[in-house]
Amino acid sequence: MILNQRSAGDRWKKRRDGIGKVTGELKYLTDMTFPNMLYGTVLRSEHPFAKIVAIDTEEAEKLAGVEAVLTYKDVPGLNGFGIVMPDQPVFCENVVRYVGDAVAAVAASTKEIAEHAASLIKIEYAPMTPITNPEEALLENAVKLHENGNILHKAHYKKGEEIDKAFAECAYIVEDTYYTPRQMHAYMETEGGVALPDENGGISLYAPTQHGFKDQMQLARILNMEAEKIRVVSSPIGGSFGGKDELNIQPYVSLLAIKTGKPVKIHQSRRTSIKAGIKRHPMKIMMKTGVDKKGKILAHQVKIIADTGSYATLGPAVLDFAVEHSAGPYIMEHVEVDGYSVFTNNGISGEFRGFGGNQITFALELQIEKLAEKMKLSSTDLRWKNLRSTRDPGPVDQLIVPTTGASDVLSKILMSPLLQQKKHQTQEWKIIGTGYSITMHGGGLGFGRSDPSGARMSLNNQGKIEISFGFEECGQGLIPSIEMIMTETFDCSPEDIDIVIGDTAKVPHSGSSTASRATNMVWQGIRRLKGPWTEKVLEHAGALTKLPKEQLKIGSGGIWTKQKDGTEFILSFKELADSFDVLPAVSTEYHFPTTPNAIDGGHFLYTFAGVAAEVEIDLLTGRVSVTKLDHVISAGSVVNPMGYLGQIEGGASMGLGFTLLEDAAMENGRYMTENLDTYLIPTIADIPKETNVTAIETLVEGDDYGPRGVGEIGTVAVAPAIAAAIHQATGHWVNKLPISPEEILDIVSNRFFQD
């Protein structure tokens with residue numbers, strides 16, 4: 001199926017009219033205000049690495065309008081947070097490890113007073129020499145940034161015999177090093193939220209996050225409070241892309257609200273968001289790949305060094321994902337991968353759309369291209385020679401669901417009109433090139449990581465079918481997707497449904513809105529609820545109408561009878577609700593499908609993508625413009641056509657920034673940019689004038705795991721496709737992202753202006 005704005009819109013409208021509504025709070029959470037609300041701010045370190053000698057808050061506390069000043073002494077529970085490892089201090093006590101580490105927090109009657117009070121806090125530091133290069137952090141004589149050293153996590157995978165022996169049998173070998181940038185999430189809504197204390201000693205927290213229950217769990221440890229006393233309202237979100245999955249302002253507004261007994265709000269400025277927020281892991285990837293004379297990949301050796309910054313966040317899982325995907329959709333006889341996630345005094349790296357897949361795919365796909373060039377073989381032929389088959393194991397030799405995704409996307413992307421151009425075309429001072437790449441991407445959290453989900457369906461007293469999930473709407477189109485699955489499952493109308501998400505007081509645990517898992521978990525949940533829900537409702541309706549339940553069905557507006565000549569409406573959902581003494585509700589618990597093989601983080605369900613790119617290179621400036629992009633996506637059935645298209649097109653724009661524009665560069669542990677005026681992201685002027693998205697919806701017979709999420713797959717294969725297009729036009733391989741105009745200008749100057 002080919003998707004574009006018109007076709008997707010037509011299909012959406014044909015399937016369902018209307019858009020579902022979320023009950024509860026509808027405004028963005030950072031826009032909320034409450035009576036008697038105070039404003040908070042966090043005082044953060046200006047040193048990348050320093051000992052704290054003394055903290056003096058006396059002058060700040062005396063300032064008129066200040067109602068609380070907090071330091072590490074005021075944390076009643078665990079002074080630390082982190083989804084996997086709670087190693088990041090809420091407030092630093094003895095040492096700061098990056099520019100942005102929190103040292104104190106203030107609540108005052110106005111934002112201006114709070115910020116002035118923070119400036120009056122006197123902190124005596126003893127600066128130390130920061131470690132800003134992860135390879136230096138690995139040296140034996142390097143200062144230990146944490147008690148257990150500077151290696152956060154090691155990941156290793158080996159397949160086959162001794163790798164050196166395998167390389168000795170290779171006819172062609174390519175060995176190269178690739179560098180990827182520290183990319184910023186750049187969401188429009190920076191981190192913020194409001195905490196409200198209640199009369200029972202609990203709090204309600206309104207703050208954007210991708211996992212309200214995980215926030216609740218972490219806050220319970222910090223506040224030394226029962227989790228049930230903490231309500232987290234976490235949706236809707238003004239963008240996240242992984243950047244708000246970890247705690248940010250939540251501990252500070254919560255502690256300040258409890259201390260003052262009043263609502264407290266913090267909304268970080270862009271400068272603070274850049275300084276304190278997480279980024280995509282910069283990686284150095286050393287890759288050596290060898291083939292025999294016929295092009296069969298015999299040996300593949302990879303070393304990954306990921307700069308995780310000062311604290312863990314999800315660094316271990318990101319590294320595991322990169323290691324897992326090091327061989328991608330190819331079958332290789334001998335593989336050896338070593339990965340290191342390394343602590344430095346740079347800004348914190350963490351979860352980001354693609355989750356390590358973008359970095360490793362860039363390196364892997366260029367290796368394939370370079371090997372083909374060395375063999376004087378087309379990269380397409382080389383891919384076909386090594387491509388995984390339907391029932392092959394996964395990239396780390398684990399059991400996965402049988403899939404034709406790899407061959408499907410390769411076959412289809414090769415049909416792109418962009419790739420039919422025989423040679424790059426030349427305009428005045430400009431050259432055009434085309435290229436393509438393919439990839440596979442695991443969904444869910446993977447083996448060994450708790451990945452449960454849950455759903456609840458009830459008939460509420462308004463006569464609505466209420467469907468509840470513990471997910472968040474963070475721009476991925478989850479709400480209309482839930483609506484479409486519900487209306488299709490029960491043949492009802494959007495007006496018959498109430499969707500409840502993103503509120504720990506109202507929804508079941510469903511796991512995180514991350515890892516491209518939410519759409520699949522929604523589909524699984526509704527499918528599981530359909531039978532028991534229908535049974536309960538029709539049994540009651542049958543007793544009420546004196547009709548056999550076998551003659552009844554759920555439909556638009558309520559209950560219908562099945563007639564030989566059609567159906568007849570007999571009972572509205574409101575009438576049905578009014579007839580119950582206890583309104584019916586059913587719930588279910590389940591897990592994201594996981595490989596049975598004990599491989600840490602190993603996945604079972606994968607999506608696949610092919611990307612073809614056309615680039616235009618300005619010979620006078622070295623600037624690369626992507627003029628056309630074609631995407632082929634294999635992810636099962638399309639639930640929400642407009643949402644599907646938006647995820648692929650939006651993800652591609654983010655991939656475009658990763659490839660050509662974005663790098664949150666650091667020097668001596670300090671960001672060289674403080675705002676979006678010096679950090680460029682793609683705008684409407686940069687995105688391709690023509691983008692086509694083709695969705696392959698077929699799954700292998702017996703695959704009943706449903707639609708896969710597409711929140712990440714649109715970003716992953718963009719960079720190598722652009723790099724391949726640049727090579728076709730210039731003959732030059734780029735190994736470092738973002739691709740600098742200076743590098744391209746140097747190449748084209750030497751090759752096109754020799755005379």
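Numbering of residues begins at 1 and proceeds along the displayed sequence. These figures come from a predicted structure and were not determined experimentally.
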Test side-chain hydrogen bond (donor to acceptor under 3.5 Å, both in side chains) applied to Glu351 and Thr514, step by step: CA-CA 9 Å; Glu351 181 181 347; Thr514 189; 2.2 Å; yes

Tell me, with the steps shown, if Glu472 and Ser234 meet side-chain hydrogen bond (donor to acceptor under 3.5 Å, both in side chains). CA-CA 6 Å; Glu472 289 78 18; Ser234 52; 2.8 Å; yes

Is there a side-chain hydrogen bond (donor to acceptor under 3.5 Å, both in side chains) between Thr260 and Glu67 once you walk through the steps? CA-CA 6 Å; Thr260 62; Glu67 300 211 15; 5.5 Å; no

Please step through side chain to side chain contact (heavy atoms under 4.5 Å, CB included) for the pair Ile55 and Lys73, ending with a clear verdict. CA-CA 11 Å; Ile55 303 174; Lys73 298 176 182 178; over 6 Å; no

Set out, in order, the CA-CA distance, both residues' side-chain angles and the distance that settles side chain to side chain contact (heavy atoms under 4.5 Å, CB included) for Ile131 and Phe49, then state yes or no. CA-CA 8 Å; Ile131 300 174; Phe49 192 30; 5.7 Å; no

Ile230/Met225 under side chain to side chain contact (heavy atoms under 4.5 Å, CB included): CA gap, chis, key distance, verdict: CA-CA 8 Å; Ile230 303 169; Met225 181 185 295; 3.6 Å; yes

Pair Lys284-Glu135, side chain to side chain contact (heavy atoms under 4.5 Å, CB included): steps then yes or no: CA-CA 10 Å; Lys284 178 181 179 181; Glu135 291 180 280; 3.0 Å; yes

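A donor-acceptor pair under 3.5 Å links the side-chain atoms of Glu473 to the main chain of Gly477, judged by distance alone. Of the possible donor and acceptor atoms, one in the side chain of Thr180 sits under 3.5 Å from a partner among the backbone N and O of Met283. No side-chain donor-acceptor contact under 3.5 Å links Ser512 to the backbone of His211. Judged by distance alone, the side chain of Thr57 and the main-chain N or O of Leu70 form no donor-acceptor pair under 3.5 Å. His281 contributes no side-chain N or O that, together with a main-chain N or O of Phe355, makes up a donor-acceptor pair within less than 3.5 Å. Asn150 places a side-chain N or O within 3.5 Å of a backbone atom of Ala137 that can act as its donor or acceptor partner. No donor-acceptor pair under 3.5 Å is formed between the side chain of Asn346 and the backbone N or O of Gly309. A donor-acceptor pair under 3.5 Å is absent between the side-chain atoms of Asn675 and the main chain of Asp677, judged by distance alone. Between the Ser349 side chain and the Asp307 main chain, a donor and an acceptor come within less than 3.5 Å of each other. Side-chain N or O atoms of Lys265 include one that pairs as donor or acceptor with a backbone N or O of Thr30 at under 3.5 Å.
For Phe592, there are no ring-ring contact (aromatic ring centres under 6.0 Å, His included) partners two or more places apart in sequence or in a different chain. Residues that satisfy the salt bridge (Lys or Arg N to Asp or Glu O under 4.0 Å) test with Arg271, not counting sequence neighbours, are Glu674.
When all heavy atoms are compared, the tightest approach of Ala220 to Glu226 is CB-C, 4.5 Å. Shortest non-hydrogen contact noted between Ile121 and Ala60 is CG1-CB, 3.7 Å. The minimum heavy-atom distance between Asp215 and Gln250, with the atom names listed, is OD2-NE2, 3.0 Å. Taking each heavy atom of Phe343 and Leu152 in turn, the nearest pair found is CZ-CD1, 3.6 Å. Here the closest non-hydrogen pair linking Ile687 and Ser653 is CG2-OG, 3.4 Å. For Arg221 against Gly82, the heavy-atom pair with the smallest separation is NH2-O, 3.9 Å.
Counting heavy atoms from C-beta on, the side chains of Thr673 and Met184 come closer than 4.5 Å. Side-chain atoms of Asp503 and Val500, non-hydrogen and from C-beta on, never get closer than 4.5 Å to each other. At least one side-chain heavy atom of Val95 sits under 4.5 Å from a side-chain heavy atom of Met128. Within the 4.5 Å cutoff, the side chain of Arg182 has no heavy atoms near those of the Phe352 side chain. Side-chain contact between Asn345 and Tyr98 is absent, with no heavy atoms from C-beta onward closer than 4.5 Å. By the 4.5 Å heavy-atom criterion applied to side chains, Gln218 and Glu246 are counted as neighbours. In this structure, Ser119 and Glu59 have side chains that are not in contact, with every pair of non-hydrogen atoms separated by 4.5 Å or more. For the pair Ser510/Ser453, a side-chain contact is recorded, criterion being any heavy-atom separation below 4.5 Å from C-beta on.
Once rounded to the nearest 0.5 Å, the distance linking CZ of Phe658 with CG of Leu737 reads 5.0 Å. Rounding to the nearest 0.5 Å gives a distance of 11.5 Å between CG of Asp663 and CG of Leu680. Note that the NZ atom of Lys111 and the CG atom of Leu38 stand 14.5 Å from one another [nearest 0.5 Å]. Between the CG atom in Leu319 and the OH atom in Tyr340 there is a gap of 10.0 Å [rounded to 0.5 Å]. Note that the CG atom of Leu138 and the CD1 atom of Ile305 stand 5.5 Å from one another [nearest 0.5 Å]. Here Leu223 contributes atom CG and Ile258 contributes atom CD1; the two are 4.5 Å apart, rounded to the nearest 0.5 Å.
For the residue pair Gln268 / Thr190, no side-chain donor-acceptor distance below 3.5 Å is found, with atom types taken as modelled. Looking at Arg353 and Gln183, their side chains never bring a donor and an acceptor atom within 3.5 Å of each other. Side-chain contact, Tyr311 with Asp101: a donor N or O sits under 3.5 Å from an acceptor N or O.
For Gln462, the CD atom counts as densely surrounded, since its 6.0 Å shell holds more than 12 non-hydrogen atoms of other residues, nucleotides or ligands.
With respect to Lys275 and Glu46, a salt bridge is recorded, a charged nitrogen being found less than 4.0 Å from a carboxylate O. A salt bridge is absent between Asp87 and Arg97: the closest approach of a Lys/Arg side-chain nitrogen to an acidic carboxylate oxygen does not fall below 4.0 angstrom. A salt bridge links Glu189 to Lys244: one of the charged nitrogens lies within less than 4.0 Å of a carboxylate oxygen.
The six-membered or imidazole ring of Tyr39 lies away from that of His267, with a centre-to-centre distance of 6.0 Å or more.
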